[in-house]
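Data block below; observations after.
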Amino acid sequence: LQQLINLEPNSFLPYREMGEIYYQNGQFSKAASSYEKYFKNDVYSYDDYPKYASILFFNGDFNKSLEIVQQALKADPTSFILNRLLMYNYYQLKKYQEGILVGDKLMSGSNTNEFIALDYAFYARLLSENNRKQESVVAFEKAIAMDSTKVDLYKDLAEVYESLSQYDNAIASYNAFIQKGGDAVKVNDYFLLGKCYYSAATDTALTKSPENNLKKIEYCKVADSLFNYLAVKVPESYLGNLWRARTNSVLDPETEKGLSKPYYEAALALLDKNNPKDIKPIIECYSYLGYYYYLKKDIAKSKSYWNQILELDPTNLTAKKALEGM
């Protein structure tokens with residue numbers, strides 16, 4: 001094809017064929033460049049629009065893809081493929097209200113035999129963004145049933161379950177992602193799973209019976225191990241120790257045992273070293289340690305932590321009241 005272009009520089013059809021080959025091999029940037037050259041002439045047909053829009057979409061040029069789709073829809077407003085791409089592009093461009101209107105119409109049609117996993121996945125995301133969470137769950141489950149190799153869907157589903165406070169389902173989905181994800185799984189995913197266990201442990205429904213209280217303890221143990229994994233894998237980050245501290249506070253709500261003390265101290269050491277712009281985590285550490293030493297009747301040390309809070313935030317009412325009380 002390249003030889004043909006060299007022989008016939010004004011020939012445009014080879015660019016379409018090259019674009020097709022690049023597209024089939026996942027070289028979307030080269031495919032888009034070839035189709036752009038092909039579309040600069042008047043020999044293209046209506047049938048070329050969906051392919052060009054698809055190439056642009058997978059190349060990440062969502063605005064241009066949307067523009068091509070909208071042009072083509074003027075000629076054929078009922079095209080399933082074009083409306084599919086319209087829904088995809090609206091989601092990627094964060095035009096969620098426009099996207100759900102297209103999605104509702106598309107996914108309620110009679111073309112169910114034409115649906116692919118991506119259709120359900122993008123529709124599920126649009127449903128979630130439009131606060132239709134339970135419908136989103138159903139759509140994600142259909143997407144996974146059609147193609148379980150798209151492991152990111154498990155993570156997306158977990159986030160929706162978590163937003164619904166359905167923590168056991170969220171945990172199962174996060175675990176499925178971690179088990180199946182391979183190289184796609186990052187340390188942050190273990191952190192997200194840990195936060196899900198923590199949310200389950202702090203759900204007020206778990207305090208209603210002794211049985212649920214045991215479950216809360218189990219959630220905390222798993223959360224603690226996951227946050228410890230983060231602390232070991234990313235030792236320069238304070239987050240692992242901070243969340244270990246928070247988790248142990250659930251197990252020691254009255255600070256009687258001081259379970260969180262070593263983790264708040266470890267987090268504080270990293271925070272002092274890195275000097276972050278956000279002072280909230282530092283204040284959280286100082287507050288715990290100030291209260292801990294107050295309970296231990298080490299008033300001088302307690303005051304030092306509360307005073308350090310006031311140095312960071314002179315208007316902090318909790319620190320002022322603590323110092324007044326002492």
Side-chain angles (χ1 to χ4, degrees), residues 162 165 167-168 170-171 174-175 187 190-235 237-274 276 278-310 312-313 316-326:
E162 195 170 3
S165 300
Y167 297 116
D168 283 336
I171 287 166
Y174 273 126
N175 276 316
V187 174
Y190 291 93
F191 177 52
L192 292 174
L193 177 59
K195 287 176 73 175
C196 194
Y197 274 105
Y198 175 83
S199 295
T202 54
D203 185 2
T204 54
L206 290 174
T207 62
K208 292 182 179 178
S209 72
E211 181 183 342
N212 282 339
N213 197 49
L214 291 173
K215 198 172 183 181
K216 177 176 75 173
I217 294 170
E218 187 59 35
Y219 283 138
C220 285
K221 288 180 179 178
V222 180
D224 185 65
S225 68
L226 288 163
F227 296 139
N228 181 54
Y229 178 79
L230 174 64
V232 171
K233 288 291 184 181
V234 193
S237 171
Y238 70 90
L239 286 171
N241 284 300
L242 182 68
W243 280 89
R244 288 196 80 183
R246 289 171 177 172
T247 302
N248 279 276
S249 286
V250 178
L251 298 172
D252 183 24
E254 303 300 326
T255 320
E256 295 172 340
K257 301 174 183 177
L259 296 182
S260 297
K261 178 177 177 287
Y263 308 118
Y264 272 121
E265 288 174 334
L268 188 58
L270 289 165
L271 285 161
D272 287 341
K273 180 180 177 181
N274 297 325
D278 185 7
I279 63 171
K280 290 179 183 177
I282 299 175
I283 290 175
E284 180 180 337
C285 295
Y286 285 155
S287 298
Y288 177 89
L289 293 168
Y291 184 64
Y292 170 82
Y293 282 109
Y294 171 75
L295 292 178
K296 295 298 178 184
K297 302 190 185 307
D298 189 338
I299 302 303
K301 205 159 190 178
S302 177
K303 282 183 175 182
S304 72
Y305 283 112
W306 295 115
N307 279 317
Q308 287 181 82
I309 291 175
L310 291 178
L312 292 172
D313 177 14
N316 190 285
L317 291 176
T318 304
K320 286 182 178 180
K321 288 181 179 179
L323 288 165
E324 287 170 5
M326 290 184 283

Apply side chain to side chain contact (heavy atoms under 4.5 Å, CB included) to W306 and M326, showing your working. CA-CA 11 Å; W306 295 115; M326 290 184 283; 3.5 Å; yes

Take L230 and Y190 through the side chain to side chain contact (heavy atoms under 4.5 Å, CB included) test and state the conclusion after the steps. CA-CA 7 Å; L230 174 64; Y190 291 93; over 6 Å; no

Any chance you could lay out the salt bridge (charged side-chain N to carboxylate O under 4.0 Å, His left out) test for D168 and K215, step after step, and finish with the verdict? CA-CA 11 Å; D168 283 336; K215 198 172 183 181; 3.1 Å; yes

Determine whether V222 and L193 satisfy the following criterion, side chain to side chain contact (heavy atoms under 4.5 Å, CB included), listing intermediate values before the conclusion. CA-CA 9 Å; V222 180; L193 177 59; over 6 Å; no

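The NZ atom of K301 lies 9.0 Å from the OH atom of Y292; values are rounded to the nearest 0.5 Å. Taking CG of L310 as the reference point, atom CG of N316 lies at 6.5 Å (rounded to 0.5 Å). For the atom pair CG of D203 and NZ of K216, the computed distance is 10.5 Å after rounding to the nearest 0.5 Å. The distance from atom CG of L271 to atom CD1 of I283, rounded to the nearest 0.5 Å, is 11.5 Å. Taking CD of E284 as the reference point, atom CG of L268 lies at 11.0 Å (rounded to 0.5 Å). Interatomic distance, OG of S304 versus CG of L289, reported as 9.0 Å (0.5 Å rounding).
Under the 3.5 Å distance criterion, the side-chain polar atoms of S302 are left unmatched by any main-chain donor or acceptor of D298. In terms of modelled atom types and a separation under 3.5 Å, the side chain of N307 and the main chain of K303 share a donor-acceptor contact. Side chain of N274 to main chain of L270: a donor-acceptor pair is present (N/O by atom type, distance under 3.5 Å, no hydrogens or angles). Without hydrogens or angle criteria, N175 side chain to I171 main chain gives a donor-acceptor distance under 3.5 Å. Under a 3.5 Å cut-off, the side chain of S237 and the backbone N or O of V234 do not form any donor-acceptor pair. D252 places a side-chain N or O within 3.5 Å of a backbone atom of L259 that can act as its donor or acceptor partner.
For Q308 against Y286, the heavy-atom pair with the smallest separation is OE1-OH, 3.0 Å. Residue V250 comes nearest to A201 through the heavy atom pair CG1-O, 4.3 Å, listed as atom of the first residue, atom of the second, then distance. The heavy-atom pair separating N241 from A267 by the smallest distance is CB-N, 3.8 Å. Closest of all the heavy-atom pairs between L312 and I279 is O-CD1, 3.9 Å.
Residues Y219 and T247 are not in side-chain contact: their nearest non-hydrogen atoms beyond the backbone lie 4.5 Å or more apart. Within the 4.5 Å cutoff, side-chain heavy atoms of F227 are placed close to those of K195. Side-chain contact between F191 and L226 is absent, with no heavy-atom pair separated by less than 4.5 Å. Taking 4.5 Å as the limit, every side-chain heavy atom of C220 sits out of range of all side-chain heavy atoms of Y197. With contacts defined as side-chain heavy-atom distances shorter than 4.5 Å, the pair S260/T255 does not qualify. At a threshold of 4.5 Å between non-hydrogen side-chain atoms, the residues L192 and C196 do not count as touching. Side-chain contact between E162 and Y174: present, with at least one pair of heavy atoms (C-beta onward) separated by less than 4.5 Å. S249 places a side-chain heavy atom less than 4.5 Å from the side chain of Y264.
Counting heavy-atom neighbours within 6.0 Å of K261 NZ, excluding the residue itself, gives a total above 12. For Y293, the OH atom is densely surrounded, since the number of other residues' heavy atoms within 6.0 Å is greater than 12.
In this structure, W243 has its ring center closer than 6.0 angstrom to the ring center of Y198.
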